[in-house]
Amino acid sequence: MSQKIAFFDIDGTLIDVPNGLLHPTQETIHALHAFQSAGNLIMVATARGTVPQTIQDIGFDGYICNDGHYITYHNETIADELFDANQIKRLQETFKKFGGKAIFAGHSGQWCDCAEDPYIVKHREMFVGSAQKPKDLVESFTNQDVHAISCCVLFDSAEMLWNCYAILEDAFTMIPYDKGLIRMDVYCKGFSKGSACEYMYKKLHIAKEDSYAFGDGVNDVEMLQLVGHGIAMGNAVESLKCVASDVTESVGNDGIQKTFTRYFGII
């Protein structure tokens with residue numbers, strides 16, 4: 001039987017922080033380990049820059065982080081695309097014009113000069129599960145001090161987001177979210193989450209038809225389109241379900257495990 005590879009988003013796919021699911025379920029973990037034990041590979045594919053310890057403890061073969069801009073496989077770094085000081089300067093100046101509140105994140109810390117802003121606090125609550133500031137946060141810095149691979153910038157309105165997007169799209173890769181907590185993730189031009197998944201299964205000489213991806217958000221659309229089997233979680237946004245080859249149950253109802261049972265007979 002040919003080797004297979006599966007890619008997994010984190011938020012809304014493996015865990016669901018806003019709804020209190022801070023750890024993958026035991027059923028999900030069992031399914032992932034059984035899939036690996038059969039000689040297959042599992043990789044995280046997330047917008048996050050750092051992976052929660054509860055996810056790392058599962059023992060993934062690799063991690064696609066920052067929507068594809070930081071990739072590791074068996075502890076080897078495949079891609080690591082940091083902003084330079086001039087890019088940080090341009091981003092900061094542009095965000096300011098549109099009232100954007102920015103969090104820069106890298107391997108050595110986070111940089112944010114408005115850490116108590118209500119939008120920033122809400123972002124922490126949504127993705128960390130706590131309003132408290134992280135220990136590695138730097139609140140006073142120059143452009144040269146920032147060694148970031150990603151930036152999340154939050155706006156008062158979708159109009160402000162799209163106006164900012166239009167000015168920066170020539171030089172940066174951006175993932176906009178114009179509903180709910182209005183924000184966009186910003187990166188250097190390079191891999192996307194989807195193209196990084198495609199790159200990895202080709203690099204590992206795995207056929208497209210043996211590649212799988214699970215996701216729930218708008219930034220998972222390309223990923224589900226570029227693998228052989230793109231599976232949307234039951235709690236996914238409708239735009240993702242429309243492009244998915246399959247829709248499983250929600251993260252809270254063990255959608256990954258149930259798909260693995262249907263596809264691979266993993267009980």
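We count residues from 1, following the sequence as given.
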Side-chain donor-acceptor pair present, [X], [Y], cut-off under 3.5 Å:
{"X": "Ser192", "Y": "Glu222", "value": "yes"}
{"X": "Trp162", "Y": "Asp178", "value": "yes"}
{"X": "Thr72", "Y": "Glu76", "value": "no"}
{"X": "Asp210", "Y": "His229", "value": "no"}
{"X": "Ser250", "Y": "Asn253", "value": "no"}
{"X": "Gln36", "Y": "Asn40", "value": "no"}
{"X": "Asn219", "Y": "Asp185", "value": "no"}

Salt bridge flag under 4.0 Å for residues Glu116 and Lys133 =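 Answer for the salt bridge query: yes.
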Could you tell me whether [X] atom [atom1] has more than 12 heavy atoms of other residues or ligands within 6.0 Å of it?
{"X": "Lys89", "atom1": "NZ", "answer": "no"}
{"X": "Gln3", "atom1": "CD", "answer": "yes"}
{"X": "Lys258", "atom1": "NZ", "answer": "yes"}
{"X": "Lys96", "atom1": "NZ", "answer": "no"}

Indicate the atoms forming the closest heavy-atom contact of Phe127 with Arg183, along with that distance.
->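 Between these two residues, the closest heavy atoms are CZ-NH2, 3.5 Å.
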Nearest heavy atoms of His23 and Ile15, plus distance in Å =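 Heavy atoms only, the tightest pair is C-CG2, 3.7 Å.
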Does Asp61 use its side chain to pair, donor to acceptor, with the backbone of Ile42 at less than 3.5 Å?
->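 Indeed, once roles are kept as given, a pair shorter than 3.5 Å links the two residues.
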Report yes if the distance between the aromatic ring centroids of [X] and [Y] is under 6.0 Å, otherwise no.
{"X": "His147", "Y": "Phe104", "answer": "no"}
{"X": "Tyr199", "Y": "Phe191", "answer": "yes"}
{"X": "Phe35", "Y": "Phe260", "answer": "yes"}
{"X": "Phe7", "Y": "Tyr212", "answer": "no"}

Does one hydrophobic cluster hold both Ile55 and Ile256, with members joined at side-chain heavy-atom distances below 4.5 Å?
->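 Linked, Ile55 and Ile256 end up in one cluster.
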